[in-house]
Number of protein chains: 2
Amino acid sequence: MTNPENRPLTLRDVSEASGVSEMTVSRVLRNRGDVSDATRKRVLEAAKQLGYVPNKIAGALASQRVNLVAVIIPSMSNMVFPEVMTGISQVLEETDLQPVVGLTDYLPEKEEKVLYEMLSWRPSGVIIAGLEHSDASRAMLRASGIPVVEIMDTDGTPVDSVVGISHRRAGQQMAEAILKGGYKRIGFLGTKMPLDHRARKRFEGFTQALAKAGVEIADHEFYSGGSALVKGREMTEAILARSPDLDFLYYSNDKIGAGGLIYLWEKGVDIPNQIGLAGFNGLSLLKGLPLELASMDACRLEIGRRAAEIIAKRVEEDADTPEPSHIALEPTITYGDTLRRP
Amino acid sequence: MTNPENRPLTLRDVSEASGVSEMTVSRVLRNRGDVSDATRKRVLEAAKQLGYVPNKIAGALASQRVNLVAVIIPSMSNMVFPEVMTGISQVLEETDLQPVVGLTDYLPEKEEKVLYEMLSWRPSGVIIAGLEHSDASRAMLRASGIPVVEIMDTDGTPVDSVVGISHRRAGQQMAEAILKGGYKRIGFLGTKMPLDHRARKRFEGFTQALAKAGVEIADHEFYSGGSALVKGREMTEAILARSPDLDFLYYSNDKIGAGGLIYLWEKGVDIPNQIGLAGFNGLSLLKGLPLELASMDACRLEIGRRAAEIIAKRVEEDADTPEPSHIALEPTITYGDTLRRP
DNA sequence: GTGAAAGCGCTAACAG
DNA sequence: CTGTTAGCGCTTTCAC
């Protein structure tokens with residue numbers, strides 16, 4: 001407010017303005033230790049009057065503590081991660097920890113860079129999507145000496161703690177449900193991205209479970225980039241033009257599934273009898289469609305919450321129990337209107 | 001890698017391991033000043049070997065420079081802001097600046113808190129959504145002495161720079177287009193949130209332009225929370241049950257518009273003749289619908305890019321030209337298949 | 001309850 | 001090209 005030279009204000013300015021030692025000012029501003037009400041009041045007044053904002057950089061350097069939690073995820077436009085973030089925020093809001101997000105675009109090199117950048121701010125913990133990281137990244141995580149929670153996926157070996165679901169099993173379960181529904185000629189539509197390990201694992205689990213029943217995927221279609229809804233339409237049209245005898249389409253995510261569903265609905269196709277459909281994620285948008293798309297909940301919110309809880313707990317307890325938590329959540333199938341029940 | 005005591009490594013460790021002074025190690029690690037290739041190599045090797053990650057906290061304190069740009073936005077699940085972020089990231093990636101996101105949930109108190117928190121890290125600049133802030137927030141922004149860019153909206157008085165569109169005018173233009181399309185009985189469907197100032201301004205501009213033509217909104221419906229697609233369906237059903245004679249529905253965002261569109265399409269309503277529809281934002285999902293919803297581009301990516309450019313430029317040039325930029329972008333109408341052209 | 005001194009790990013500024 | 005000296009603005013620790 002009153003800052004004529006426009007020089008960042010320091011504790012000393014507040015000290016001088018209030019006539020209280022820097023040390024006591026610091027105590028007041030952090031609510032630490034006993035300070036008389038009179039002094040406290042004078043300090044608070046001076047601080048507000050000046051418009052003082054503490055310098056966390058100096059504070060962090062002196063105290064060797066940073067109330068930041070690095071959250072490293074592939075993307076924010078995926079619909080999945082905003083919800084994970086919500087879970088993380090919900091939990092961290094009750095602590096004095098703050099999430100800081102870094103985006104990787106599914107690129108290992110970028111993940112490495114972002115991780116390096118974030119670790120250089122010495123956060124109190126790291127929440128990072130996936131179990132697949134470059135050797136350098138894994139080394140940094142281990143060397144950091146702070147709690148690390150890998151999220152989303154449990155199919156692999158974590159550096160420290162892990163919270164997620166088994167995408168391989170998710171793919172298997174969907175395959176089993178589809179077979180039980182009596183479908184035989186199954187098409188798969190998914191993302192081309194070879195770096196989306198979770199989509200890949202679902203695909204693997206899916207084909208594997210089909211194989212166990214002697215069924216093979218009849219056709220498949222992959223995409224990359226663009227609006228998922230549009231791609232869903234286009235791929236559906238393409239795969240059915242090529243293989244008109246398909247009786248089920250399994251989409252690797254709900255958005256392309258929704259696009260396909262709208263397309264088929266337009267065409268007047270009898271769903272789920274002529275063709276059944278399923279997606280993945282359990283997005284709430286599915287309920288706004290003409291038919292509710294079958295899907296599978298990915299436990300996004302819960303994963304975020306659990307991960308944050310692990311970090312928060314470790315930060316509190318500090319030194320002791322460096323026992324890693326390994327939490328595997330159980331996704332559930334929604335049949336909706338597009339997958340015949342057994 | 002080789003960090004037995006698990007104590008954070010320091011420059012001194014690298015210095016000792018390489019037999020080079022701390023200062024020179026620092027120079028190598030920052031690519032600053034001339035260092036002989038031999039020394040550089042020794043340092044780099046030692047650093048990598050130890051798995052050293054520089055401490056930016058100490059660096060920032062010493063250099064009084066922080067390569068962070070605070071980005072303060074209401075939400076990440078809005079579809080709008082991820083795209084703004086993309087624009088910001090694109091530009092900042094070419095600099096050594098890094099965006100750090102803070103979320104406000106459209107709450108002024110939360111905005112104030114987040115802003116305080118971020119400013120206490122002394123970022124190089126602030127990009128903040130909207131022009132409406134608490135007095136305290138505005139005071140902090142002004143007192144911070146760093147470049148501030150308010151984004152999304154140009155209807156108001158910025159603290160420093162601003163990049164956005166006029167939402168009031170956007171509402172007006174849509175009203176004019178609707179009238180020119182020959183529609184008379186117009187319904188409005190939107191968010192209840194009184195804190196979404198941009199939606200409010202669009203509504204105001206909309207009604208105002210209608211009024212100028214002697215038309216009044218025939219009915220309206222507001223919602224809050226829940227899946228936008230679902231809400232769009234429900235509100236559309238509700239408003240038409242109440243006012244079956246409406247010939248146009250203007251939705252305050254594309255998602256609820258899409259929900260309404262799907263609902264009406266299901267019902268077999270003749271769009272755009274029996275009823276016309278329009279949304280707002282120009283989301284790419286619109287092209288995946290049975291009909292393309294009329295909408296208006298909000299210039300999200302461009303806003304992000306421009307804002308980041310302003311910050312980047314100011315950080316480079318430093319002291320001079322503290323001349324604020326005021327950039328008003330021009331949104332364009334998409335008629336799609338749901339709004340009759342004049 | 002309050003204050004003084006000594007750093008936190010790095011970099012600016014200068015000296016060689 | 002390399003090294004030395006002083007801090008950056010806070011908090012820790014200990015004294016009063």
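The chains referred to below are lettered A, B, ... by the order of the sequence lines, with proteins before strands, and numbering in each begins at 1. Everything numeric here is computed off the predicted structure, so don't read it as measured data.
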I want to check one thing: is the phosphate of [N], taken as OP1 and OP2, less than 4.0 Å away from some side-chain N or O of [X]?
X: B:Arg32; N: C:dC10; result: no
X: A:Tyr52; N: D:dG9; result: no
X: A:Arg30; N: D:dT12; result: yes
X: A:Ser26; N: D:dC10; result: no

Suppose the criterion is salt bridge (charged side-chain N to carboxylate O under 4.0 Å, His left out): which pairs have a residue in [range], not counting sequence neighbours?
range: residues 149-161 of chain B; value: B:Asp153-B:Lys201, B:Asp160-B:Arg314
range: residues 55-78 of chain A; value: A:Lys56-B:Glu117
range: residues 30-39 of chain A; value: none
range: residues 90-102 of chain B; value: A:Lys110-B:Glu93

Separation of [N] [atom2] from [X] [atom1] (nearest whole Å):
X: A:Asn67; N: D:dT11; atom1: CG; atom2: C1'; result: 15 Å
X: A:Lys41; N: C:dT2; atom1: NZ; atom2: C1'; result: 20 Å
X: B:Arg122; N: C:dC10; atom1: CZ; atom2: P; result: 21 Å
X: B:Arg12; N: C:dT11; atom1: CZ; atom2: P; result: 14 Å
X: B:Trp121; N: D:dG9; atom1: CH2; atom2: P; result: 15 Å
X: B:Arg40; N: D:dT2; atom1: CZ; atom2: P; result: 9 Å
X: A:Asn31; N: C:dG1; atom1: CG; atom2: P; result: 15 Å
X: A:Leu11; N: C:dA4; atom1: CG; atom2: P; result: 14 Å

Tell me every residue that passes side chain to side chain donor-acceptor pair (under 3.5 Å) with [X], counting only those two or more places apart in sequence or in another chain.
X: B:Glu45; answer: none
X: A:Arg198; answer: none
X: B:Glu109; answer: none
X: B:Thr39; answer: B:Ser36

Of B:Glu112, B:Met140, B:Glu111, which meets side chain to side chain contact (heavy atoms under 4.5 Å, CB included) against B:His133? B:Glu111

Per side chain to side chain contact (heavy atoms under 4.5 Å, CB included), A:Leu131 is matched among A:Ile151, A:Val159, A:Val162 by A:Val162

Please list, chain by chain and in numerical order, all residues satisfying salt bridge (charged side-chain N to carboxylate O under 4.0 Å, His left out) with B:Asp13, sequence neighbours excluded. B:Arg7

Residues touching DNA chain D, which here means a heavy atom under 4.0 Å, drawn from residues 55-66 of chain B: B:Leu61, B:Ala62, B:Gln64

Measure the angle between the two terminal helix axes of the helix from C:dG1-D:dC16 to C:dG16-D:dC1, five base pairs each, and quote it to 10°. 30°

Report all interatomic pairs (protein N or O, nucleotide N or O of nucleotides 3-6 of chain D) with separations under 3.5 Å.
from	atom 1	to	atom 2	distance (Å)
D:dG3	OP2	B:Ser21	N	3.2
D:dG3	OP2	B:Ser21	OG	2.9
D:dG3	OP2	B:Thr24	OG1	3.1
D:dG3	N7	B:Arg27	NH2	2.6
D:dG3	O6	B:Arg27	NH1	3.2
D:dG3	O6	B:Arg27	NH2	3.4

Are side-chain N/O atoms of B:Ser21 and B:Thr24 paired as donor and acceptor at under 3.5 Å? yes

